[in-house]
Amino acid sequence: MEIYLANPTGLCFGVKRAINTLEEALLLNENVYSLGSPIHNSQEVERLKKLGLIVVKSVDDIPDNEVSFVRAHGVTAQIYSQLKAKSKKMVDGTCPFVKTAQERASALSKDGYIVVILGDVEHPEVKGIMGYASGEVYVLSEKDKIPGYLKGKKIGILSQTTQKVASFTKLVEVIRSIAKEVKVYNTICKATLARQEAVSKLALFVDKMIIIGGKDSANTQKLVEISLSESIDTQWIEHPDELNRRWLKETEKIGIAAGGSTPDWLIKKLTQKLKEM
Ligand code: F3S
């Protein structure tokens, strides 16, 4: 069996930066508190917990005068201020691209635009961006119909960083046709796009595809969708131990792609396991 790795794949700039920042903080402090999972990969979070990371559900769960960490996906402006006020030190791991989307949302609101975000309303990154818009803000997924109340309004459009470009272009087109005025900021991250294109390319010459990444990782899910849309038999795993030997039987060329929060050590482990097979 020949093994092919998508290129680029795995850790994106923002998550790598967040992990490095967190590791540095853990070297200097016994514990660091993260509100919610710092990145969407449970295996990597478990590794960081062993170094002193404590993941909490609310700001109130963080004792005063401790070190807090803002995850790669960011938090709302309100939570950001709360963390800053109660921590001895706040370490900001927000990806600079997510920060840009937050700033755009804030500026659009101030300029009187209704903010429309293409994304998943439940995703922490989207919740964070929404929290920076001081006026009306709506989140639409690619499946949603454009609500009639946006007709004739001033609309600013942004995207969750991990959305598909084609979905964003389509949304912009439809909103342009009904709105009075439109301002568009394509906040889709290039790292995401490059990883999506790499999967499409790889799908052209492999028989099957393994996508490794957290089940709570939006960008990993998109990679799975793209692979399936290329009619490639695809398996989504979080850990190499989940590999299905029977599924791999008689496969000549296997492709591997990893989500933007999948650490290198997990990809290596997967490649190693496949070689042993
Ligand atoms: Fe940032 Fe893009 Fe990664 S927004 S967290 S570099 S996917």
Side-chain angles (χ1 to χ4, degrees), residues 6-25 34-45 48 53 55 69-77 79-80 91-106 115 117-133 139 142 157-168 184-200 211-227 236 238 257-264 266-267:
N7 184 20
T9 208
L11 280 191
C12 62
F13 153 78
V15 175
K16 212 180 264 179
R17 180 180 170 274
I19 294 172
N20 289 344
T21 318
L22 186 50
E23 276 179 334
E24 274 167 31
S34 169
L35 180 59
S37 195
I39 61 162
H40 283 153
N41 188 278
S42 47
Q43 289 75 20
E44 182 66 352
V45 172
L48 292 163
L53 169 73
V55 180
F69 177 76
V70 178
R71 62 199 172 197
H73 293 301
V75 292
T76 63
I79 290 178
Y80 194 91
V91 180
D92 190 357
T94 311
C95 170
F97 300 127
V98 174
K99 244 196 170 116
T100 302
Q102 294 172 342
E103 285 162 5
R104 299 281 195 218
S106 164
V115 176
I117 306 166
L118 171 70
D120 170 8
V121 71
E122 295 301 330
H123 195 280
E125 178 196 320
V126 175
K127 286 186 182 166
I129 298 170
M130 284 172 81
Y132 276 80
V139 179
E142 61 179 339
I157 315 173
L158 302 173
S159 178
Q160 183 179 350
T161 55
T162 47
Q163 290 293 305
K164 288 186 260 178
V165 176
S167 314
F168 187 69
V184 180
Y185 290 114
N186 180 348
T187 46
I188 296 175
C189 166
K190 290 205 173 63
T192 304
L193 183 60
R195 278 156 183 73
Q196 291 176 356
E197 284 173 355
V199 169
S200 296
I211 311 276
I212 182 161
K215 291 280 159 83
D216 54 351
S217 156
N219 73 78
T220 309
Q221 185 176 347
K222 287 278 174 307
L223 297 184
V224 174
E225 285 169 16
I226 289 169
S227 181
W236 181 358
E238 286 200 335
S261 350
T262 308
D264 295 346
L266 265 178
I267 303 173

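All values reported here derive from a predicted model rather than from experimental measurement. All ligand and atom numbering here is 1-based and tracks the order in the structure.
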Could you tell me which non-hydrogen atom of Arg71 sits nearest to which non-hydrogen atom of Pro124, and how far apart they are?
-> NH2-CB, 3.4 Å

What atoms of ligand 1 come within less than 4.0 Å of a heavy atom belonging to Cys189?
->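 The list of qualifying atoms is 2 (Fe), 4 (S), 6 (S), 7 (S).
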
Which ligand 1 atoms are under 4.0 Å away from a heavy-atom of Thr161?
-> 4 (S)

NZ of Lys215: more than 12 outside heavy atoms within 6.0 angstrom?
->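 Buried by this count: over 12 neighbours within 6.0 Å.
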
Distance-only polar pair, side chains of Glu44 and Ser261, donor-acceptor under 3.5 Å | no

Pairing of Lys164 and Glu142 as salt bridge, 4.0 angstrom limit |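 Yes, this pair counts.
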
About how many Å separate CD1 of Ile39 and CG of Leu48, when rounded to the nearest 0.5 Å?
->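 Rounded to the nearest 0.5 Å, the CG-CD1 separation comes out at 6.5 Å.
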
Protein heavy atom at shortest distance from [atom]:
atom	result
atom 6 (S) of ligand 1	Gly14 N, 3.4 Å
atom 1 (Fe) of ligand 1	Cys95 SG, 2.3 Å
atom 3 (Fe) of ligand 1	Cys12 SG, 2.3 Å

Close approach of Thr162 to ligand 1, heavy atoms, under 4.0 angstrom |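 Per 4.0 Å heavy-atom rule, Thr162 does not contact ligand 1.
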
Does Lys99 reach the side chain of Asp92, with side-chain heavy atoms less than 4.5 Å apart?
-> yes

From the options Asn219, Thr192, Ile39, Leu193, select the one whose nearest heavy atom is closest to atom 7 (S) of ligand 1.
-> Thr192

